[in-house]
Amino acid sequence: MIRLRKSQDRGHFVSDWLDSYHTFSFATYHDPEHMGFRSLRVINEDRVAPEGGFPLHPHKEMEILSFVLEGTLKHKDSLGHEELIHAGEVQRISAGTGIMHSEYNPSGTDSVHFLQIWILPDEQGLTPAYESKVFEPKEPNSLQLLASKDGRDGSVVVHQDISLYSGELDIDHALEYRLDTGRHAWLQITAGELEVAGQLTSAGDGVAISDETVIGLVAPERARFLLFDLG
């Protein structure tokens with residue numbers, strides 16, 4: 001079963017410094033038909049204006065991933081971490097019993113474009129933790145593991161049965177991904193166009209996949225995407 005979540009159907013919030021699209025219900029946007037998918041709870045596509053950002057705020061009992069698409073994001077937290085996250089880098093926060101953090105765009109001229117992803121952890125009461133990694137580009141038209149339960153292949157660790165891949169396909173290239181029995185997948189398109197099992201998707205679209213063993217991907221034009229393999 002394949003269900004398409006079109007970009008224009010997402011929740012949308014705009015302020016003087018933030019332009020945010022919500023794939024699932026978030027803050028003042030509530031849609032009982034889109035409360036999450038499996039352990040995925042939030043996928044927000046955020047564009048933060050120069051020198052704008054989220055002031056210090058708390059989180060508990062959530063795995064939080066930030067994936068920067070363009071620009072630079074400045075992170076600071078109550079564990080003492082302070083660093084810049086650049087395009088292509090991944091940041092992971094295990095909020096656990098509680099953490100405070102802020103996220104800002106340090107540039108005075110350029111916006112920052114990133115995805116913030118919340119994942120429900122597989123256990124409560126974890127000790128708060130932080131991790132970030134730079135991933136070197138892989139060979140074209142392949143998948144790169146960014147996050148996993150066991151941290152394999154240099155991925156960041158998330159406390160949930162999930163594997164998160166980034167992918168990029170050149171025009172007219174194809175890729176197949178095999179799902180084990182009982183597994184599910186979510187695809188989030190970040191750039192270009194991608195045919196998913198024959199359905200055309202474009203940037204901002206999401207695709208929920210269940211009861212399938214093979215996911216066929218074809219790029220009518222160069223495409224970038226995230227693929228979540230979920231229990």
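Worth saying up front: this structure is predicted, and the values here are computed from it rather than measured.
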### Task
Ignoring hydrogens and angles, tell me if any N or O in the side chain of Glu131 forms a donor-acceptor pair with the backbone of Arg92 under 3.5 Å.
no
### Parallel, tilted or perpendicular, as decided by the 30° and 60° cut-offs, for the rings of His81 and His75
tilted
### Query
Does a donor on one side chain and an acceptor on the other come within less than 3.5 Å for Glu45 and Gln188?
no
#### Entry: Arg152-Ser163 side chain donor-acceptor pair, cut-off 3.5 Å
yes
#### Entry: Co-members of Leu126 in a cluster of I, L, V, M, F, W and Y side chains, linked at under 4.5 Å
none
### Task
Anything under 30° is parallel, anything over 60° is perpendicular, the rest tilted; go ahead and classify His184 against Phe37.
perpendicular
### Message
Can you confirm whether or not the ring centre of His12 sits under 6.0 Å from the ring centre of His22?
### Response
no
### Query
Would you call Asp31 and Arg10 a salt bridge, taking side-chain N to carboxylate O under 4.0 Å as the test?
no
### Query
Looking at side-chain heavy atoms only, is the closest gap between Thr72 and Val112 below 4.5 Å?
no
### Query
Pick one: which of Gln144, Arg224, Arg222 meets side-chain hydrogen bond (donor to acceptor under 3.5 Å, both in side chains) with Glu168?
Arg222
### Message
Under 6.0 Å between ring centres: does that hold for Trp186 and Phe225?
### Response
no
### Task
Indicate yes or no for a side-chain donor-acceptor contact from Asp229 to the backbone of Leu179 under 3.5 Å, with no hydrogens or angles considered.
no
### Message
Could you check whether Trp118 and Phe26 have their ring centres less than 6.0 Å apart?
### Response
yes
### Query
Can a donor-acceptor pair be found between the side chains of Asp150 and Ser148 at a distance below 3.5 Å?
yes
